[in-house]
Amino acid sequence: MNTKRIWRRDIEEKRDGLRVPAGFYAVEVTEGARYLRRVANMSGDGLLIESPLADEKPGQTVDLELPRGDGETPLRVQGEVVYVKGDGRVGVRVTSAPLPVETLGGPEAL
């Protein structure tokens, strides 16, 4: 029996902190318009959002409002699109202050 062995280089994890599953909506603010984006998971330095049209481009700057679980004013963050998948998953690296992961989530006012 012949088998193939695949050798991979060790790939260094770029994420600084632990990735946490999420299931809430953020609002992307673009030129005065507001678009809902579902947050699938997050870490202190990034987010995985679901964008139905997947029209973002790597390197693009995005402004997001993230709801806080304690009902306070939404957290405004800025990030850079790192990758866009064909199924609408968009990786965003946060370029503003690190995310307070434990306090995020909940309903978002439109």
Side-chain angles (χ1 to χ4, degrees):
M1 170 169 59
N2 291 338
T3 61
K4 289 185 180 179
R5 185 169 208 159
I6 299 173
W7 295 93
R8 291 179 46 188
R9 296 184 319 203
D10 289 333
I11 298 172
E12 182 180 328
E13 178 66 38
K14 294 179 182 178
R15 195 172 283 105
D16 287 337
L18 179 66
R19 186 180 347 188
V20 177
F24 61 88
Y25 286 90
V27 174
E28 181 181 348
V29 181
T30 305
E31 299 176 8
R34 299 169 64 81
Y35 302 97
L36 280 178
R37 301 290 185 241
R38 185 176 176 279
V39 178
N41 67 50
M42 61 185 166
S43 66
D45 60 346
L47 301 160
L48 176 65
I49 61 175
E50 295 174 355
S51 178
L53 299 177
D55 57 351
E56 290 83 3
K57 304 280 187 254
Q60 175 183 341
T61 300
V62 292
D63 293 310
L64 299 169
E65 289 182 359
L66 304 172
R68 298 184 194 202
D70 53 12
E72 287 187 31
T73 306
L75 178 66
R76 294 185 65 103
V77 298
Q78 190 172 57
E80 177 184 358
V81 174
V82 178
Y83 65 85
V84 179
K85 301 281 184 168
D87 61 358
R89 292 180 298 157
V90 178
V92 177
R93 181 178 55 85
V94 174
T95 55
S96 54
L99 296 176
V101 173
E102 63 282 344
T103 65
L104 296 178
E108 172 66 270
L110 299 176

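Below, all heavy atoms of this structure are taken into account, side chains as well, without hydrogens, waters or symmetry copies.
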[X] side chain near [Y] side chain, heavy-atom distance below 4.5 Å:
X   : Y   : answer
V62 : V92 : yes
T61 : Q78 : yes
D45 : V94 : no
P67 : F24 : yes
V39 : L48 : no

Would you give the length of the straight line joining atom [atom1] of [X] to atom [atom2] of [Y], rounded to the nearest 0.5 angstrom?
X   : Y    : atom1 : atom2 : result
E50 : L36  : CD    : CG    : 12.5 Å
T30 : L64  : OG1   : CG    : 8.5 Å
M42 : L104 : CE    : CG    : 5.0 Å
L75 : L99  : CG    : CG    : 6.5 Å

### Query
Hey, are E56 and R89 close enough for a salt bridge, meaning a charged N less than 4.0 Å from a carboxylate O?
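The answer is no: the pair does not qualify as a salt bridge.
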### Task
Kindly say whether R68 contributes a backbone atom to a donor-acceptor pair with the side chain of T103 at under 3.5 angstrom?
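Between the backbone of R68 and the side chain of T103 there is no qualifying donor-acceptor contact (under 3.5 Å).
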### Message
Quick check on the hydrophobic clustering: are Y35 and Y25 connected, directly or via other members, by side-chain heavy-atom contacts under 4.5 Å?
### Response
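No, it is not one cluster - the side chains of Y35 and Y25 are not joined through contacts under 4.5 Å.
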